[in-house]
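Below, chains carry the letters A, B, ... as their sequence lines are ordered, and counting in each starts from 1.
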Number of protein chains: 2
Amino acid sequence: MKKSDQTRQRILDAAAVEFRDRGFAATRLVDIAERAELQTPSLYYHFSSKEELIEVVLALSVERTFGHVKSSVAEIPADQPLRRLQVAIEAHVVKSQEHGDYSAATLRLFGQMPPDIQKRLRRTQREVGGFWGELLENAQRAGAIRADLDLSVVRMLLLGALNWAVEWYKPSRRLSVEDLATHASRMVLDGIALPPG
Amino acid sequence: MKKSDQTRQRILDAAAVEFRDRGFAATRLVDIAERAELQTPSLYYHFSSKEELIEVVLALSVERTFGHVKSSVAEIPADQPLRRLQVAIEAHVVKSQEHGDYSAATLRLFGQMPPDIQKRLRRTQREVGGFWGELLENAQRAGAIRADLDLSVVRMLLLGALNWAVEWYKPSRRLSVEDLATHASRMVLDGIALPPG
DNA sequence: GTCTATATGAGGATAGAC
DNA sequence: GTCTATCCTCATATAGAC
């Protein structure tokens, strides 16, 4: 890796944290520069504007998590649709926590980005939505999911629960990321109520 | 209601929309003033600063939804803990959608507010958390919820799914708010998977 | 690649009339 | 209560040296 790439990475990591904590407009380039340990104008060697910075942060966030979800699911045979769903849920939780700064920044800022930025990012978002939609549809067609559920609603409730975890989860001895992921998949798939009887 | 109160309400409604769409720092007082149909300096007759405005929006948001949840749950006997939980979930969904501008603004901006504002608002947040925690604990003690679940994790996953709905749900003939609420309670309580067999 | 120095525009807040 | 006019601070972005 070239030195330039390392600096670029440092800037992005710093930007993710600052954007998450302060929001887009309130984040000053000098905050990002300080965290990345260089001077403000040096940022412009790597990025052409503050908007380009946030756009890269948001794009990386989604791509990383989704990439891991896709590859994890690919390892499970298609004839185990419920197991595929479980793996997807747990992979999503684990990976989004792994770069939680980026995930949380995306969660908070995406909806506030100017329309042109949102438009470019929505391409990936649709791809993600389509992938989860297929996972759910395949499971429902196989009779593994209740037939009377609206899967687009389920998908959004599900992703809401998972994505929101970056807002509150902090790794601890009591609750590992894997425990969190397991709780998520169990709640969504089996529910929290004890089956009657 | 005095005229002053009406204007105050118009300003708050306008502020919720603008803050939600642009974030705190990027929202200009002139945007809020235009939406509320007055001039920028007139805002200062009703509020002493931009920060006071956001703080009132955030406080109102949580109080309204939580107030409705509490009063809805109070109508259900304590010996039906699962039913109480279901009612709480559905009340939370319905009421948070009812003033969706405020809810979405809170969802996006709370974590970005300066520490002193967050601190003051956390009092109510803890109250809300405690209430949901008791709902879950009572149900678990009554044997209605799986004994091996960490209820604080369940609570946060659950509220994440519900709160995130203000980001994506739009009322339609196909899916009423009540349908959304039902889907949420069913997913959380019973899960989406068909019981085996 | 990173720096110092600076131009420039914008928005929160106040003064004071009506 | 709401207005017009204005102050003053501050942050993005650029110029240009090293």
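- To the nearest angstrom, P of C/dT14 lies 18 Å from CD of B/Gln39.
- Contact annotation: A/Ser49 side-chain N/O to D/dT12 OP1/OP2 distance is not under 4.0 Å.
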Can I get a per-line list of side-chain donor-acceptor pairs under 3.5 Å for residues 153-163 of chain A, giving both atom names and the distance, sequence neighbours left out?
residue: A/Asn163; atom: OD1; partner: A/His92; partner atom: NE2; Å: 2.8
residue: A/Asn163; atom: ND2; partner: A/Leu159; partner atom: O; Å: 3.2

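- Relative to the side chain of B/Arg28, the nucleotides C/dG11, D/dT2, C/dC3 differ in distance, and C/dG11 lies closest.
- Here CG of A/Asp190 is found 11.0 Å from CG of B/Asp190. Values are rounded to the nearest 0.5 Å.
- Between C/dG1 and A/Ser42, no contact under 4.0 Å exists linking OP1 or OP2 to a side-chain N or O.
- In this structure, A/Tyr44 places its OH atom 13 Å from C1' of D/dA15, rounding to the nearest Å.
- One atom, CD of B/Glu37, and another, P of D/dT2, lie 12 Å apart when rounded to the nearest Å.
- Here A/Thr40 does not reach the OP1 or OP2 of D/dT12: none of its side-chain N or O atoms lies under 4.0 Å away.
- Atom CZ of B/Arg8 and atom P of D/dT2 are 13 Å apart (whole Å).
- In this structure, the nucleotide among D/dA13, D/dT4, C/dG1 sitting nearest to the side chain of A/Tyr45 is C/dG1.
- The distance from atom CZ of A/Phe47 to atom P of D/dA13 is 13 Å, rounded to the nearest whole Å.
- For A/Ile32 and D/dT12, the CD1 to P distance is 8 Å, given to the nearest whole Å.
- B/Ser48 comes within contact range of no nucleotide atom at all, as no heavy-atom separation falls under 4.0 Å.
- One interatomic measurement links the two molecules: CD of B/Gln6 to C1' of D/dG1, which rounds to 14 Å at whole-angstrom precision.
- Ionic pairing of A/Arg186 and B/Asp148 is present here: one or more N-O contacts between side-chain nitrogen and carboxylate oxygen are shorter than 4.0 angstrom.
- Looking only at side-chain heavy atoms (C-beta outward), B/Phe110 and B/Val62 stay at 4.5 Å or farther from each other.
- For B/Pro41, counting side-chain heavy atoms from C-beta on, the closest listed nucleotide (C/dG12, C/dA15, D/dG1) is C/dA15.
- Whole-Å rounding puts the A/Asp31 CG to D/dA11 C1' distance at 10 Å.
- The pair B/Arg120-B/Asp116 meets the salt-bridge criterion, since a charged nitrogen lies less than 4.0 angstrom from a carboxylate oxygen.
- Closest approach to the A/Lys50 side chain among D/dA13, D/dC3, C/dT2 is made by D/dA13 (side chain taken as heavy atoms from C-beta onward).
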